[in-house]
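Note that the structure is a prediction, hence the values are computed from the model and not measured.
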Amino acid sequence: MEAPPMGAVRIRPGDPRYEDLTVRRVNQRFEPRPEYFHLVGSTDDVVKAVSEAVRAGKRVTVRSGGHCYENLVGDGAQVVIDLCEMSEVYFDESRGAFAVEAGATLMQVYRKLYLGWGVTIPGGQCGGVAAGGHIAGGGYGQHSRRLGAVVDYLHAVEVVVVDRTGRCRAVIATRNPEDPHRDLWWAHTGGGGGNFGIVTRYWMRDPKVAGNEPHTLLPKPPPALLVCRPAWSWGDMSRESFSALLRNHGEWHERNSDAGSPYAGLWSALLIQSRAHRGDPGGMILPTMMDASVPNAERLLGDYFVNLVRGVEATAHIPQVARMPWYHAVSNQALNSDMESGRFKAKSAYLRRRFTDRQIGVAHDYLGTPGPGGVLALFSYGGRVNATASDATALAERDSILKALYLGTWTEGEGTQHLQWVRAFYQAMYRNTGGVPVPGGGNGGAYVNYADTDLADPALNTSGVPWSRLYYGDNYPRLQRVKARWDPLDIFRHALSIQPHR
C-alpha cells in the first residue's frame, strides 16, 4: 500500500520548526519571516492553502528548493507555501510522460530517472536545486549543448491558479496545440517561477518520440563521462596570460557550439576566483565533462585543453583525465549545499560571442586585484539549445554560446563593499550598453533563474531597456497576456514578476 501524502502543516513563529524553515534557503543574505509557513504534501493541499490565504487577504509566495538569488520569496510575504515535501518522481502511464513534483531536487530526479529507466533531463549542476523554479525558468546543465534546454522536454504542467473571483483551482496545461490551456504551458517554458500560480507537478517527455515505452521517452545519458579539473594560480598569471586564456576560451566556444559539433558533448565551467590578499592567491579552475562515447573523445578533450593554453605562460595544472560512469560523475561533480550557500549577490549575462578585449581587461582589473572580491563563472552553452526557435518557448535567448555568472560573496553582515564591487564590475563590463547586457551584438540579455533586481533599478540599468526585455526578449508581451488571463488579481507577484497586460 502506498503511503499517503504528508498533508498540510502550518508552522508559525514560536514553533521550533519555524526557525529551521527560515534558514532553508541558499542565499543567507535574506531571511523570510512570514506569519506562517505552509508545508504541503499534495496538489489539493496547495489549493486549500492558497484559498485560505487569498480569502484572508494574505500576501502569498512559494518556495521549492530555496535557491532564489534575490528576496523574491521573503519580501513582504505573509504566507510562504513550501513544496519541499512534494518530491515524487514517477512514470505516469495515463499521460505517457514522467511526472516530477515541484519539490524534487535535481539529484533526486537524475537518480530516479536513470536507475529506473536509464534516461535523464539536461538539468543543472547544483544538485539541491528543486524542479519548481528551475524548469519554469528554462533550465540548463551539463548536457544542454547535446540535448537542449530542460523546457524543450516539458510535456505538461500542473499549476494552482486564482481566477478573477478569487476562486482557486488546479489546472493542467499541455503542449498539445489543441489544448485551450496551452498558453499556460508555454509560459512555464522559461517564464520564471512565482508569476502565474504555483507549479505542483511537471510532466517530461521528448516531443519527437512516439509511443509510450518509458525508456524511450527521454534522452539517455552517455554511459560514461571523461572528467578533468584543470587549474591556474594567480601567482604566475600575468595580465597577458589572463587575456590569452579568456580569449582562447571564448573563441573556442565560438567555433565549437553548433548543434552538430563533435564537441556538443563537452561542458565546462571556467570559475575565476578573485585574487586573495595574502597567502594562497587563489586562481581559476575549469571543471570539464566530456561524453566518453563520442568517437575520439579523449583526443578531442586533449585538443580542447591545448587550445585553451595557447599563449598562456602561467602554469596549467591539468590532472589526469578520469573516466567515470555517468551517474557517479554527475553526483560526484555536483555542487553540494555547503558550496552553494552563503551570502552573495548574483548577476548574469548570455554571451553570443566571446568577451571583447576591453571586457577581458576589465575582468582582469576586478578579479586580479585583491579586494572585496567574488567569482566570475563562464558556463558552456549553445549547441542543441540554439536549434529551437526563440518564440517556440518562453525561453527567448537561443543564440548564445556561453552563460556568465557574476558573484559578490561574503560570510557575514550586509556585505556593502562586496555589493559595490560586483555592481561596479558588472557595470564596467557592459559600459557600452548602459551597464547591462542588452541583447544584440555579443550580448544575449540575462537569465531569469539568476534573478537580479538591479536590472529594474534605473540607477544601475541606464540602458533605457527594461529588465523584462533583458530576461524575455520579444516574448514579454505574450507572457503579459498569459499573466492577465491566469492571474488577473496579481496574486503571484514579486520584485521581478511579469506585469499583467491591461
Are any of the side-chain heavy atoms of I498 and Y476 separated by less than 4.5 Å? yes
Expected output: side-chain T43 to main-chain T200 donor-acceptor under 3.5 Å: no
Verdict with supporting geometry, L402 and H249, side chain to side chain contact (heavy atoms under 4.5 Å, CB included): CA-CA 10 Å; L402 290 161; H249 179 264; 3.7 Å; yes
Between V60 and A53, which heavy-atom pair has the shortest distance, and what is it? CG2-CB, 3.4 Å
What are the two closest non-hydrogen atoms of I81 and A49, and how far apart are they? CD1-CB, 4.0 Å
Looking at R384, I'd like to know if its CZ atom is crowded, meaning that more than 12 non-hydrogen atoms belonging to other residues, nucleotides or ligands lie closer than 6.0 Å. no
With side chain to side chain contact (heavy atoms under 4.5 Å, CB included) as the criterion, how do L378 and F355 come out once you've worked through the C-alpha distance, each side chain's angles and the decisive distance to 0.1 Å? CA-CA 11 Å; L378 292 169; F355 285 139; 3.8 Å; yes
Just by modelled atom types, is the V151 backbone N or O under 3.5 Å from a matching donor or acceptor in the T189 side chain? no
By ring-ring contact (aromatic ring centres under 6.0 Å, His included) - contacts of Y406 (at least two apart): F425, Y426
Could you walk me through whether Y18 and F37 pass the ring pair (Phe, Tyr, Trp, His ring centres under 6.0 Å) check? CA-CA 7 Å; Y18 184 92; F37 291 96; 5.1 Å; yes
Does some side-chain heavy atom of V438 sit less than 4.5 Å from a side-chain heavy atom of Y430? no
Please enumerate all residues that pass side-chain contact (heavy atoms from CB on, under 4.5 Å) together with E19, with sequence neighbours excluded. T22, R33
Could you tell me if the side chain of L225 sits less than 4.5 Å from the side chain of M290, heavy atoms only? no
Would you check if the side chain of N449 reaches a backbone N or O of H134 as a donor-acceptor pair within less than 3.5 Å? yes
Does atom CG of D474 have more than 12 heavy-atom neighbours from other groups under 6.0 Å away? no
Test salt bridge (Lys or Arg N to Asp or Glu O under 4.0 Å) applied to E158 and R95, R169, R201, the passing residue: R201
In Å, rounded to the nearest 0.5 Å, how long is the span from CD1 of I491 to OG of S497? 12.0 Å
List the steps and the verdict of side chain to side chain contact (heavy atoms under 4.5 Å, CB included) for L83 and V46. CA-CA 9 Å; L83 303 170; V46 177; 4.0 Å; yes
Sequence-distant partners of K220, salt bridge (Lys or Arg N to Asp or Glu O under 4.0 Å), two or more places apart: none
Any R29 side-chain heavy atom under 4.5 Å of W410 side chain: yes
Salt bridge (Lys or Arg N to Asp or Glu O under 4.0 Å) against K345, all qualifying residues, sequence neighbours excluded: E70, D452, D454
If only atom types and distance count, is the side chain of E85 paired as donor or acceptor with the main-chain N or O of S87 below 3.5 Å? no
Has N475 got a side-chain atom pairing as donor or acceptor with S390's backbone, closer than 3.5 angstrom? yes
Rounded to the nearest 0.5 Å, how far does CZ of R25 lie from CZ of F30? 10.0 Å
N/O donor-acceptor pair under 3.5 Å between Y472 side chain and R478 backbone: no
To check you understand the geometry: which heavy-atom pair defines the closest contact between L407 and A346, and what is its length? CD2-CB, 3.5 Å
Candidate pair S331 and R111, rule side-chain hydrogen bond (donor to acceptor under 3.5 Å, both in side chains), full reasoning: CA-CA 9 Å; S331 57; R111 180 181 176 87; over 6 Å; no
Check whether any side-chain heavy atom of F492 lies under 4.5 Å from a side-chain heavy atom of N195, and answer yes or no. no
So, taking the atom named NE2 in H188 and the one named CG in L395, what distance separates them when rounded to the nearest 0.5 Å? 14.5 Å
Strictly below 4.0 Å, N to O, side chains only: are D291 and R145 in salt-bridge contact? no
Does H155 offer a backbone N or O that forms a donor-acceptor pair with the side chain of Y202 under 3.5 Å? no
With rounding to the nearest 0.5 angstrom, report the CD1 to CG distance, I135 to L154. 7.0 Å
Checking D75 side chain against N71 main chain: does a donor-acceptor pair fall under 3.5 Å? no
For D92 and W203, run side-chain hydrogen bond (donor to acceptor under 3.5 Å, both in side chains): C-alpha distance rounded to whole Å, both residues' side-chain angles, the deciding distance at 0.1 Å, then the answer. CA-CA 8 Å; D92 184 344; W203 285 269; 2.9 Å; yes
The side-chain hydrogen bond (donor to acceptor under 3.5 Å, both in side chains) partner of E35 among R12, R59, K58 is K58
What are the two closest heavy atoms between G96 and R205, and how far apart are they? O-NH1, 2.8 Å
Would you please indicate yes or no on a ring centroid separation below 6.0 angstrom for F344 and Y69? yes
Taking atom CG of D20 and atom CZ of R24, what is their separation to the nearest 0.5 Å? 11.0 Å
Are any side-chain N or O atoms of Y110 and backbone N or O atoms of Y327, one a donor and one an acceptor, separated by less than 3.5 Å? no
Would you indicate whether Q417, at its atom CD, is surrounded by more than 12 heavy atoms from other residues, nucleotides or ligands within a distance under 6.0 Å? no
Can you list everything that forms a salt bridge (Lys or Arg N to Asp or Glu O under 4.0 Å) with R17? Sequence neighbours excluded, please. D15
So how far is it from L489 CG to D163 CG, rounded to the nearest 0.5 Å? 7.5 Å
For T409, the side chain to side chain donor-acceptor pair (under 3.5 Å) test, sequence neighbours excluded, returns none
When you measure from the side chain of D280 to the backbone N and O of G282, does any donor-acceptor pair fall under 3.5 Å? yes
Are L470 and N461 close enough, and set up right, to give a side chain to side chain contact (heavy atoms under 4.5 Å, CB included), and what steps lead you there? CA-CA 11 Å; L470 299 177; N461 174 4; 4.0 Å; yes
Are any of the side-chain heavy atoms of L376 and Y366 separated by less than 4.5 Å? no
Can you tell if the side chain of L218 reaches within under 4.5 Å of the side chain of W117, non-hydrogen atoms only? no
So, are D183 and R481 salt-bridged, with charged N and O less than 4.0 Å apart? no
Where is the tightest heavy-atom contact between I172 and D179, given as atom of each residue plus distance? O-OD2, 4.2 Å
Looking at every heavy atom in both R63 and P32, which two are closest together, and how far apart are they? NH1-CG, 4.0 Å
I'd like to check L460 versus Q427 (side-chain heavy atoms, cut-off strictly below 4.5 Å). Are they in contact? yes
